[in-house]
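First up is the structure itself, then whatever we jot down about it.
Every chain is numbered from 1, with letters handed out A, B, ... down the list of sequences.
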Number of protein chains: 2
Amino acid sequence: MQYPQASRIMLAIDCCIFGFDGDDLKILLIKRNFEPEAGKWSLMGGFLKENEDLEIAAGRILHELTGLNNVYMEQLKAHGKTDRDPVERTVSICFFALINIHEHDSELARKKNGQWFNIADKPNLIFDHDAMVESALHQIRYKAALHPIGFELLPEKFTIPQLQKLYEAIYDSKLDRRNFSRKILSTKLLISTGEKNENAATNKAMLYKLDSEKYKSQFNAFHYFINL
Amino acid sequence: MQYPQASRIMLAIDCCIFGFDGDDLKILLIKRNFEPEAGKWSLMGGFLKENEDLEIAAGRILHELTGLNNVYMEQLKAHGKTDRDPVERTVSICFFALINIHEHDSELARKKNGQWFNIADKPNLIFDHDAMVESALHQIRYKAALHPIGFELLPEKFTIPQLQKLYEAIYDSKLDRRNFSRKILSTKLLISTGEKNENAATNKAMLYKLDSEKYKSQFNAFHYFINL
DNA sequence: TCAAAAGTGTTCAAGCTACACCCATGA
DNA sequence: TCATGGGTGTAGCTTGAACACTTTTGA
């Protein structure tokens, strides 16, 4: 049984994959070695399969480039301008993923022509992918101010100064060290590991990890990490 | 030229249409007189046409039931579980619309089997439409706390007590009259019309209208109408 | 003249901002 | 021993929550 009237349409999934290297917020792009627009940069994407849920497809596409599973992903808008894809009318559902950049399979990414760019140095992308990245950044900035999604970009153990650098990268602005620390600790989301960061140049900072119980239960509560 | 490999998929648009009658937040549903699930309640929806942008399609579908144009609409998530539609694999992109309930064409709505329900009295809907309404309500509650979308549900001229009733309906809770008034006026988004609400039972309240300049320019700023 | 709704004022506590000061580390 | 980075404390201001009082209107 099928719907008779309307026409079927190509459905694509495109992924904005973000990482943080300790200094800059970065995005993983691929140089296309296939038409159309071969040789240009684009988001990692793919087509939805006949028997595949949207979230499964997004996870598959992320896995193809990074080797990662169980990553924080969030669905953004569908982009559906009739002329957005020159080959054929295609509606694309955009996702963003926040990964721990040190955990991904960089060998695999290289094979797939993947390359990391600082957000500030991002090249122009094909189709409407620039607008997708814009809306992903907007959503991350919006959500990270109110909910603890930033932690998804950090390793399991991290210091508060590292977390602050992340927030400063996301919002491209400076934050007061002392107030930031107090605000973060007041959420009670962090547990001190007792260890210190041995990599640090001068004074070694305390390593914390997430209180995963509280993290899960309070994820949708409001924390106001940043005042917008 | 076409993409060879992947399969084309049915793309539907479903609209959560909200209104406010002065006391309750309401949603406009239709009783289906067609298969599948004829006789049951559902959101107003339709299929995306070959040469139609997503937002145009959503506007068309809203217009078919309400006669309205230029309404505040926002795209929500796409729903894509493989078994969500028993007829055929269909991905549905959900929108919500906020309308001034007194402006819509109620005759047209009746012809199309439309009926308004208080949110609290909403019947169970077909397919995954209940989940769509849930996510629309979630988004409205989220966004109305921070941005002035609530005004879209009110007539051009309204009183602050009316606005308060709207917020109380959206959040299903009581707010302090005095603090609410101060908070709203402090945004400077309202202009006094000098007129008073002649319908009021006892003391007549001042009618305000939106400062449309400020409304547009500050729409994406943060106002914290409600503390979540 | 009384009840219900609308408008304005005040107080107290909590939170945020903007600072100063001290400690630990490695060159 | 000195520069750099990390941790804690505090004063002053702003904001929000919880209140009381007054005014207007129709019954």
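Taking a 6.0 Å sphere around CG of N70(A), one finds it holds 12 or fewer heavy atoms contributed by other residues, nucleotides or ligands. Counting non-hydrogen atoms of other residues, nucleotides and ligands closer than 6.0 Å to CG of D172(A) gives a total of 12 or fewer. Residue-environment remark: NZ (K40(B)) stays at or below the threshold of 12 foreign heavy atoms within 6.0 Å. Within a 6.0 Å radius of NZ in K157(A), other residues, nucleotides and ligands contribute 12 heavy atoms or fewer. Residue K26(B) places its NZ atom among more than 12 non-hydrogen atoms of other residues, nucleotides or ligands, all under 6.0 Å distant. Applying the 6.0 Å contact sphere to NZ of K209(A) captures no more than 12 heavy atoms from other residues, nucleotides or ligands. By the neighbour-count criterion of 12 heavy atoms within 6.0 Å, atom CG of D121(A) is densely surrounded, having more than that number from other residues, nucleotides or ligands.
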Base-contact (B) and sugar-phosphate-only (S) positions in nucleotides 11-22 of chain D, heavy-atom cut-off under 4.0 Å, - elsewhere: -----SBBBB--

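Atom CD1 of I160(B) and atom C1' of dT8(C) are 12 Å apart (whole Å). For Y208(A) and dG7(D), the OH to P distance is 6 Å, given to the nearest whole Å. Atom-to-atom, CE of M206(A) to P of dA24(C) comes out at 12 Å; the value is rounded to the nearest Å. The separation between N203(B) atom CG and dG26(D) atom P is 9 Å, rounded to whole Å. Here the C1' atom of nucleotide dT24(D) and the CG atom of N197(B) are 14 Å apart, to the nearest Å. Per the geometry, CD1 belonging to I226(A) stands 12 Å off P belonging to dC16(C), to the nearest Å. Atom-to-atom, CZ of F180(B) to P of dT8(C) comes out at 15 Å; the value is rounded to the nearest Å.
Q115(B) places no side-chain N or O within 3.5 Å of a backbone atom of K31(B) that could act as its donor or acceptor partner.
The side chain of P161(B) lies closest to dG7(C) when the candidates are dG7(C), dG26(D), dG7(D).
Checked against the 6.0 Å centroid criterion, the rings of Y142(A) and F222(B) qualify as a close aromatic pair.
In this structure, K196(B) does not reach the dA6(C) phosphate: none of its side-chain N or O atoms is under 4.0 Å from OP1 or OP2.
Residues from residues 162-172 of chain A with heavy atoms under 4.0 angstrom of DNA chain D: there are none.
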